[in-house]
2 protein chains.
Amino acid sequence: MTETTARPTLEAVAARAGVSRATASRVVNGGDGVREPLVERVRRAVDELGYVPNQAARSLVTKRHDAIAVVIAEPETRVFADPFFALQLRGISKELTVHDSQLVLLLTEGRDDHARVGRYLAGGHVDGALVFSLHLDDPLPGLIQGAGVPTVFGGRPGWSDGTPGPVYVDSDNRGGAREAVRHLVGLGRTRIAHIAGALDQTSAVDRLDGFRDVMADADPRMVVESDFTPAGGERAMRELLDRCPDLDGVFAANDLTAAGALRVLRERGRRVPEDVAVIGFDDMLPVAEQTDPPLTTIRQDIEEMGRLMARLLLRRLDRSTTGRADADTPAAVVLPTTLVRRASA
Amino acid sequence: MTETTARPTLEAVAARAGVSRATASRVVNGGDGVREPLVERVRRAVDELGYVPNQAARSLVTKRHDAIAVVIAEPETRVFADPFFALQLRGISKELTVHDSQLVLLLTEGRDDHARVGRYLAGGHVDGALVFSLHLDDPLPGLIQGAGVPTVFGGRPGWSDGTPGPVYVDSDNRGGAREAVRHLVGLGRTRIAHIAGALDQTSAVDRLDGFRDVMADADPRMVVESDFTPAGGERAMRELLDRCPDLDGVFAANDLTAAGALRVLRERGRRVPEDVAVIGFDDMLPVAEQTDPPLTTIRQDIEEMGRLMARLLLRRLDRSTTGRADADTPAAVVLPTTLVRRASA
DNA sequence: GAACTCAGTGAGAGCGCTCTCGACGACGTG
DNA sequence: CACGTCGTCGAGAGCGCTCTCACTGAGTTC
């Protein structure tokens, strides 16, 4: 039960096939420029010996790793545990699989960890990185740009300076928010409030902007900043009801918040959607479907976001290898959202 | 914007510090057997040059990778997206970080993917693997044992044969189930039903066993197999109510199922917990806290499970390196569960 | 038929590191 | 003072692979 018996090397394959190591290598890497009979012999040798290339040896010379890092900086367990990341990872994984790349997952806990991640990335262990930086004041994106690793961000990073735009993939938070509010308006609602998310995150800012796009002349007191949590949603809803007892529509920054709001509305005797129509954002299934009444919300295709991030990064890496220009590689992709009608609005 | 300027090598560090490559290497790897002044000089050279060891070169000779694979085989997006895996990953990540190991995430989609994962694992790219095999008929565990990679499983794998027991970490599903049912009994409930999970998963089987431990002489019709989903919970609850309209307690195999059951109970005019007490399993926060009434449930420490899996694996790897016996490394760890009282029971 | 291609192949260098081994001086020991 | 011992260090041999380059022989070209 010690080590598995020593794995066969390219040398062994070459010997068995009666060719040089160079030729064996060519076959293993696609077989271009090798005559058919030899290709066949090498292939057979590979099968018989169960040969698998030693990635370390390969990387050592090619300086490629066929691996990319996924950095998730989210100290709060609560947020990390939502289905969001799982779906993104899934999307990323699918795309990477197609390209025979591996996914190295880097989760950070607190600030000290940033150095570790920075070091790892700068260490050139991976070909590129996909980074989820949720907070505006997060030093991580800077660190990473410094590390000189090709990077694609998940969600629009919130930089004030106009450095050569970061590449990112995001949902159309602003457009989705507009759609949500317009839906409420279409329902005949006129006194519409917004429970905003934590405004140190671009998604929250964008959704708020979308709200304002439609409700340009809304009473500023109809907007309360919250924190994307159910408890925060409850607090915000109470506050809003106190301020404007006659509100008839609520656009919550996410489903969790909406769930909290729903509870307070019921507690205060408001019927949903008759008295107050409520709409969320995310379409987080386990939540949106379980609320009472089920939540009307804005869906974003999380998995597709992940897939796109990976695709964008891989394309970039490919470019830098082949030396071609970055012509048709977009710097940012914004995915559309869709309205999902359930019962709450 | 091409490649970052060539990274410094050990050779460069050695030159700058005025020592041999061997000595530089010693310092980088802990500095044992090198006199203080030299250690200092090398350390400074490392800092000045920003040297980071090339992992590929290192692996090539040590045959260690300081990386472990986490294999999650879960075709159904729904299940994968629950907070479960996120928390486990977090626990695993924390432990690996401490040991300077990387986490390579392997997600599988459908059967074809198993071969890919098997190949990767057999390829010796990682030192070990943490595998989540949820289903009894999953061929993956077998494949992996075949690959000869040290492995720790998440959740008890369901093998019938008595092969040298797989190493695994699991929650005390059976004990937790007993506690849940006893709680209902303690509440004075006598006609207690169980909505079981998908019985091709050991966790579901174990929880059912726990139920039976306490309700040895229960009417077999008080148990319905379901599938861990809310919709399944609804169906099962209807079935149960039809069979035994006078039941006064329900132990659901997980919180999602319980949430579905709760809805049906309300729909049928049963008050919870007055008429029927309901208890779940998992303490999946976003669900358990949001149900109406909030769900009493059995909590398992998911993150700790992840951490333990990693710790167990690393210890094992350490053993096989140092050649020591596997004496005090347990083959299985079962974590305790705790009852979380909310309003539903 | 000599000179020239050119696809196909093998020899060999070297990627950056670890680790063994031998050299060397400082230190006891008889 | 000769000898062994020990701690410290450098030289050098690879780890398994890719890739350049030179070589071969068959196919052109004039």
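Every chain is numbered from 1, with letters handed out A, B, ... down the list of sequences.
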Do any N or O atoms from the side chain of B/H65 and from the backbone of B/G124 form a donor-acceptor pair under 3.5 angstrom? yes
[N] [atom2] sits how many Å from [X] [atom1], rounded?
X	N	atom1	atom2	answer
A/R58	C/dG14	CZ	P	22 Å
B/N54	C/dG14	CG	P	18 Å
B/R64	C/dT18	CZ	C1'	12 Å
A/Q55	C/dC17	CD	P	18 Å
A/L49	D/dG16	CG	P	14 Å
B/L10	C/dC19	CG	C1'	13 Å
A/D32	D/dT18	CG	P	14 Å
A/R41	C/dG8	CZ	P	15 Å

Run the ring-centre check on B/F132 versus B/F85 and record whether the distance is less than 6.0 Å. yes
Of the listed nucleotides [options], the one nearest the side chain of [X]:
X	options	value
B/R21	D/dT18, C/dT9, C/dC17	C/dC17
B/T62	D/dG10, C/dC19, C/dG16	C/dC19
A/T23	C/dT9, D/dC17, C/dC17	C/dT9
B/L60	D/dG10, C/dC17, D/dC15	D/dC15
B/R35	D/dC19, D/dT8, C/dG16	D/dT8
A/V34	C/dT9, C/dG14, D/dC9	C/dT9
A/V61	D/dC19, C/dC19, C/dT18	D/dC19

Is it true that B/R116 and B/D113 make a salt bridge, defined as a side-chain N closer than 4.0 Å to a carboxylate O? yes
Phosphate-side-chain proximity, B/N29 and C/dT18, N/O vs OP1/OP2 below 4.0 Å: yes
Would you please confirm or rule out a distance under 4.0 Å between OP1 or OP2 of D/dT18 and any side-chain N or O of A/K63? no
Only one of B/L130, B/D66, B/L313, B/L314 forms a side-chain contact (heavy atoms from CB on, under 4.5 Å) with B/L96, so which one is it? B/L314
Please compare A/R26 and B/S25 by the position of their nearest nucleotide in DNA chain C and report the one closer to 5'. A/R26
Given DNA chain C, 5'-ward residue of the pair B/P53 and A/S20, judged by closest heavy atom: A/S20
If we check side-chain hydrogen bond (donor to acceptor under 3.5 Å, both in side chains) with A/E95, which of these qualifies: A/R90, A/R311, A/R307? A/R311
